[in-house]
K.L.:
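Below is a structure I'd like to ask you about.
Bear in mind that the values here come from a model prediction, so they are computed numbers and not experimental data. Order of the sequence lines sets the chain letters (A, B, ...), proteins ahead of strands, with each chain counted from 1. All heavy atoms count here, side chains included; hydrogens, waters and symmetry mates do not.
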Amino acid sequence: MKTSFIPIDYDYFDFNGRNYTKIIGRNSEGKRVCIIDSCPVYLWAILKNNLSQKEIGDVIKKISKIKLNIKGRQTKVEKVELHNKKFLEKPVKALKIFATNYKDLHDIADKLGIKEIEKRRGYDLGFITHYIIEKKINPLQKYEIEGEMLNNSSEFGGVDMGLDVDLCINLKKAKLLENKKTKFFPKILAYDIETDDLKIGKGEILMVSLVSEKFKKVITWKKSYSKPSYVEYVKDETELIEKFIEYVKKISPDFLVGYFSDGFDLPYLKARAEKHKIKLNLGLDNSQPRFSRGINLTGKIKGIVHIDILKFIKTAYAQYMKSETLSLNEVAKEFLGDTKKPFKIKHSSELEKKDWNNYYEYNLHDSVLTLNLFQKFWPDIKEFTKIVKEPVFDITRYGLSKIVESYLLHNLEKFNEIPEKRPTSEELSQRRRDGPVEGAFVFEPKPGLYENIAMFDFTSMHTSIIISMNISKSTLLEKPEKNTNSIETKRGKFYFTKKPGFLPSLLKEIFEQRRKAKSEFKKNPNPITQAGSNAFKVLSASVHGYIGFFGARYYSKEASASILAFVRKFNKDTIKNIEKKGYKVIYGDTDSIAFLINKNKEIEIKSLLQDLNDKLPGIMELELEGFFERGLWVTTRAGITGAKKKYALLSKDKKIKIRGFETVRRDWCNLARKLQDQIIKQILIDGNEKKSLEYLKDIVKKIKQRKIRKEELIIKTQLKKPISEYKATTPHVVAAKKMHEKKIPIGTGTLIKYYVAEANQKKALVRERVKLPDEPGKYDIKYYLERQILPAVENIFQVFKINTKEIIEGKKQMTLGDF
DNA sequence: GACTGAACTATACC
DNA sequence: ACGGGTATAGTTCAGTC
């Protein structure tokens with residue numbers, strides 16, 4: 001039997017004590033294919049130096065005899081081979097110890113505590129990762145496979161019986177079809193549920209929507225006066241769940257996609273199914289979803305990849321996004337230009353018959369948005385999966401460190417490297433005690449309104465330093481050596497060999513692929529080329545964070561400290577060089593430098609850039625970020641020093657770039673944010689403060705006359721941990737408690753909204769005046785003037801020597817006099 | 001009881 | 001626990017006079 005095959009979902013099972021993979025995928029005809037395969041299972045024992053041939057022979061003999069009878073199965077060492085390998089770049093002699101079952105490698109490693117063995121490695125990768133590395137059956141790549149058809153046979157304990165696939169093949173041969181572009185259009189089904197209570201399983205599921213390319217359905221037992229065509233009525237919640245399963249099975253998607261569905265929709269369905277004593281048998285083998293334990297639930301369905309698209313967006317894109325929250329509404333707005341349907345959710349008992357049609361539509365559209373978001377990010381997910389070589393299920397849930405680490409693990413073989421182990425819990429606590437390393441340098445600006453500014457920045461600074469200076473855990477030298485890359489840090493002077501290490505080499509590969517992908521995208525801008533560029537960008541930008549992350553296999557505080565020391569050095573050196581040429585540097589943060597170009601022409605600045613670049617080592621590169629007509633820097637609140645990380649620029653093409661100001665912070669009320677935004681824009685465009693001052697006076701007047709709507713004064717603050725863990729009772733904690741009393745569901749991550757009301761008695765603390773947005777009350781004019789408006793504008797006008805405090809307070813006294 | 005600095009908290013920048 | 005450090009700023013809390 002021969003067919004094409006694109007692997008999608010990976011699973012494994014034991015048969016006669018051995019491990020077998022069960023991979024579900026599709027062939028070119030769109031048929032669902034399952035392949036059964038196995039691979040050698042082994043771990044590495046790194047031998048001590050200077051062992052004699054005889055000693056090695058004796059060790060091999062000893063190890064070959066290891067037999068274990070644990071967890072109800074027999075496992076043994078089946079073969080031992082001697083190999084010349086590398087571990088952390090150093091040549092080592094290592095024994096490749098083959099055993100029966102991957103899950104027993106740990107126990108075998110425990111038996112290897114003998115003096116000739118220095119280290120034991122390679123048994124903590126997970127069987128699927130081990131299998132993919134070993135057999136190179138990579139996810140989402142296209143193969144031509146050969147094997148025996150299994151047709152409800154009893155082979156492998158009848159694994160294919162009751163498995164809903166078109167073909168089940170015992171794999172014999174697989175050939176990667178390299179040159180053919182994989183045209184793989186997966187079947188996607190998005191879903192979303194509506195319930196009467198947000199606590200998992202507590203309320204009833206009122207309806208569930210299912211949306212795929214040519215399918216739209218809302219299943220509900222809550223009837224309206226008229227039934228839209230996409231709605232299907234069922235008798236009750238039990239039937240709703242059964243109907244849901246029926247449709248999922250009928251459509252049989254490759255991906256079942258939800259938004260926050262790991263934490264809500266899927267566990268909810270499971271809990272309600274349990275309550276009604278029915279099985280949520282969504283798996284291709286009729287199994288129920290399985291949930292991982294831990295803080296973050298993840299729901300796995302066998303054969304169908306369950307994807308919580310929120311998780312992927314959060315990990316890979318949140319840092320580049322404008323949205324203030326990751327709610328479906330905001331994320332859809334940013335990426336799709338579409339929003340949720342307006343509908344105010346109430347408990348079903350409070351809904352009138354006429355409301356239900358809107359509720360159906362709302363529910364349906366949430367699935368539409370979820371589907372569209374998946375489509376939007378599918379090219380990215382595909383790229384990440386192909387590059388990192390971990391299954392889609394994991395790629396969409398891994399954090400950045402796991403993505404980087406997986407990439408490294410899947411590429412060690414070409415360096416003949418034995419993988420490093422995960423840190424033990426002792427190592428983890430030690431690493432946490434290491435404390436932080438000194439970070440980047442930020443130039444203290446002199447407050448003012450400047451004209452004609454140029455901004456340079458280093459291209460992917462940390463990444464290019466790692467590559468150019470060959471920095472990593474394994475290239476760090478124990479002793480000083482000549483002709484090395486060295487750097488002084490607070491933790492001592494560190495030396496790195498110039499012989500390329502595997503981590504900097506792999507990073508260089510990613511970096512070059514990113515460059516290619518980026519130019520590809522520029523030549524031919526489309527979602528596919530953009531996704532390639534994005535994936536390499538995110539991956540390469542995360543490597544420095546990975547090295548400094550205490551949970552990393554290739555963690556190195558020395559390497560991390562060195563990278564940051566180089567970051568400071570290159571930035572400061574460049575500032576000096578720019579100043580030497582007679583320019584005034586006004587600001588810089590980590591990898592950027594802003595300076596005044598005075599009367600010089602742009603061409604002269606570009607030649608300065610060229611000069612600076614000529615002196616930079618390796619692949620390091622300084623770029624022109626842009627030319628700016630005007631720029632505004634202010635003092636800190638204390639009013640003495642220039643504030644770092646707070647500035648605004650007006651580019652030549654009249655675009656405004658605002659950084660750090662209250663305008664861009666979501667924990668300030670809209671009024672203060674909008675006012676500041678207007679003022680900054682006006683000042684940058686006009687070059688003076690006159691109009692802005694009038695605008696400020698007008699707003700102050702309006703607030704005193706209570707002409708500002710309360711919505712403009714709502715302060716939004718996120719709960720970062722459970723309420724009980726707060727040591728200080730802050731305003732937003734008080735508001736959260738009020739919400740809790742009102743039975744509004746809250747938890748870590750909830751954006752708490754409140755306003756500050758007038759005090760009826762002498763209430764000094766802000767928290768005593770906190771009210772929820774729909775609580776009646778008058779807002780506190782004094783608070784908003786002094787704690788929101790004034791701080792937002794004070795240091796801006798200070799640049800023009802205008803004392804805003806007098807303007808605000810002076811008028812206030814007059815108004816108070818009126819009372 | 002008013003004042004003040006430290007601690008706690010959130011959020012931004014790169 | 002699931003990249004990192006640097007920085008600003010508000011509010012509460014605890015200690016001082």
Side-chain angles (χ1 to χ4, degrees), chain A residues 294-296 298 311 314-316 319-320 324 394 397-406 422-423 425 428-429 431-432 435-445 457-458 460-463 538-552 554-555 557 559-561 563-564 567-568 571 587-592 625 634-638 641-647 657-668 672 715-721 725-734 751-752 756 762 764-770 783 786-788 791-792 794-795:
Chain A
I295 305 161
N296 292 315
T298 58
K311 276 200 179 147
K314 202 188 213 165
T315 307
Q319 54 177 327
Y320 304 107
E324 279 175 12
D394 302 288
R397 287 170 178 81
Y398 280 173
L400 290 174
S401 71
K402 200 79 203 297
I403 285 183
V404 170
E405 188 154 282
S406 301
R422 283 201 297 257
S425 58
L428 286 176
S429 43
R431 289 176 182 189
R432 260 178 274 182
V437 297
E438 191 189 353
F441 163 74
V442 188
F443 187 100
E444 190 191 307
D457 62 19
F458 284 93
S460 308
M461 194 180 203
H462 301 76
T463 306
V538 171
L539 191 57
S540 64
S542 305
V543 172
H544 166 244
Y546 170 78
I547 293 172
F549 169 53
F550 63 85
Y554 294 102
Y555 165 89
K557 207 95 223 191
S560 184
I563 295 160
L564 287 161
V567 167
R568 291 189 297 273
N571 191 276
Y587 187 62
D589 184 351
T590 310
D591 58 355
S592 68
E625 222 281 308
V634 298
T635 65
T636 62
R637 192 86 174 95
T641 54
K644 299 170 177 181
K645 299 186 186 287
K646 249 183 152 175
Y647 60 90
K657 182 166 146 179
I658 300 179
R659 290 290 123 96
F661 276 106
E662 284 73 7
T663 298
V664 299
R665 295 180 62 95
R666 69 162 176 218
D667 56 346
W668 283 73
I715 295 164
K716 290 175 273 184
T717 316
Q718 195 183 29
L719 272 190
K720 304 290 273 187
K721 53 191 173 192
E725 283 175 29
Y726 279 89
K727 288 177 188 164
T729 312
T730 57
H732 83 297
V733 167
V734 171
L751 201 58
I752 308 292
V756 178
K762 202 178 158 191
L765 297 178
V766 179
R767 66 160 176 241
E768 292 169 308
R769 288 175 279 153
V770 160
Y783 175 84
E786 289 177 3
R787 305 279 185 93
Q788 292 277 323
E794 190 176 31
N795 19 27

K.L.:
Look at the side-chain N and O atoms of A:Lys644 and state whether any lies under 4.0 Å from the OP1 or OP2 oxygen of C:dA7.
P.N.:
yes
K.L.:
Under 4.0 Å from OP1 or OP2 of C:dG4: is there any side-chain N or O of A:Tyr555 that close?
P.N.:
no
K.L.:
Hey, does A:Val567 have a side-chain heavy atom less than 4.5 Å from the side chain of A:His462?
P.N.:
yes
K.L.:
For C:dG3, does OP1 or OP2 lie under 4.0 Å from any side-chain N or O of A:Ser401?
P.N.:
yes
K.L.:
A:Lys727 near the nucleic acid: base, sugar-phosphate alone, or nothing, with a heavy-atom cut-off under 4.0 Å?
P.N.:
sugar-phosphate
K.L.:
Side-chain N or O of A:Arg787 less than 4.0 angstrom from OP1 or OP2 on C:dT11?
P.N.:
yes
K.L.:
Please classify the nucleic acid contact of A:Ile403 as base, sugar-phosphate, or nothing, using heavy-atom distances under 4.0 Å.
P.N.:
nothing
K.L.:
How would you label the contact of A:Phe550 with the nucleic acid (heavy atoms, under 4.0 Å): base, sugar-phosphate, or nothing?
P.N.:
sugar-phosphate
K.L.:
Return no unless some side-chain N or O of A:Arg659 is found under 4.0 Å from OP1 or OP2 of B:dC14.
P.N.:
yes
K.L.:
Name the closest nucleotide to the A:Asp589 side chain, picking from B:dT11, C:dG3, B:dC13.
P.N.:
B:dC13
K.L.:
Describe the nucleic acid contact of A:Lys314 in one word from base, sugar-phosphate, nothing, applying a heavy-atom distance below 4.0 Å.
P.N.:
nothing
K.L.:
Name the nucleic acid region contacted by A:Val437, choosing base, sugar-phosphate or nothing; use a 4.0 angstrom heavy-atom cut-off, strictly under.
P.N.:
sugar-phosphate
K.L.:
Would you say a side-chain N or O of A:Lys721 is under 4.0 Å from OP1 or OP2 of B:dC8?
P.N.:
no
K.L.:
B:dT9 P sits how many Å from A:Ile715 CD1, rounded?
P.N.:
18 Å
K.L.:
Check every strand shown and say whether A:Gly551 touches a base, only sugar-phosphate, or nothing at a heavy-atom separation below 4.0 Å.
P.N.:
nothing
K.L.:
Assign A:His732 to base, sugar-phosphate, or nothing according to its heavy-atom contacts below 4.0 angstrom with the strands shown.
P.N.:
sugar-phosphate
K.L.:
Just to confirm, is there a sub-4.0 Å distance from OP1 or OP2 of C:dA9 to any side-chain nitrogen or oxygen of A:Arg637?
P.N.:
no
K.L.:
Can you tell me how far apart CZ (A:Arg422) and CD (A:Glu405) are? Round to the nearest 0.5 Å.
P.N.:
8.5 Å
K.L.:
Using atom CH2 of A:Trp668 as one end and atom P of B:dT11 as the other, report the distance to the nearest whole Å.
P.N.:
13 Å
K.L.:
Between A:Thr729 and C:dC13, is there a side-chain N or O to OP1/OP2 distance below 4.0 Å?
P.N.:
yes
K.L.:
How long is the line joining CD of A:Gln319 and C1' of B:dT11, in whole Å?
P.N.:
16 Å
K.L.:
Remember a base hit wins even if backbone is also touched, and classify A:Tyr783 as base, sugar-phosphate or nothing at under 4.0 Å, heavy atoms.
P.N.:
sugar-phosphate
K.L.:
If you compare every side-chain N and O of A:Tyr398 against the phosphate oxygens of C:dA1 (OP1, OP2), does one of them come in below 4.0 Å?
P.N.:
no
K.L.:
Does A:Tyr726 place a side-chain N or O at less than 4.0 Å from the phosphate oxygens OP1/OP2 of B:dA7?
P.N.:
no
K.L.:
For A:Arg432 and C:dG4, is the shortest distance between a side-chain N/O and OP1 or OP2 below 4.0 Å?
P.N.:
no
K.L.:
Base, sugar-phosphate, or nothing for A:Tyr320, non-hydrogen atoms under 4.0 angstrom?
P.N.:
nothing
K.L.:
Please determine whether any donor N or O and acceptor N or O are separated by less than 3.5 Å between the side chain of A:Arg665 and the base of B:dT11.
P.N.:
yes
K.L.:
Describe the nucleic acid contact of A:Phe661 in one word from base, sugar-phosphate, nothing, applying a heavy-atom distance below 4.0 Å.
P.N.:
nothing
K.L.:
For the P atoms, the ones on C:dC2 and on B:dA10, what distance do you get once it is rounded to whole angstrom?
P.N.:
15 Å
K.L.:
Can we say A:Lys720 and A:Glu725 salt-bridge, meaning some charged N sits less than 4.0 Å from an Asp/Glu carboxylate O?
P.N.:
no
K.L.:
Where the side chain of A:Phe549 is concerned, which of C:dA1, C:dG5, C:dT11 is the nearest nucleotide?
P.N.:
C:dA1
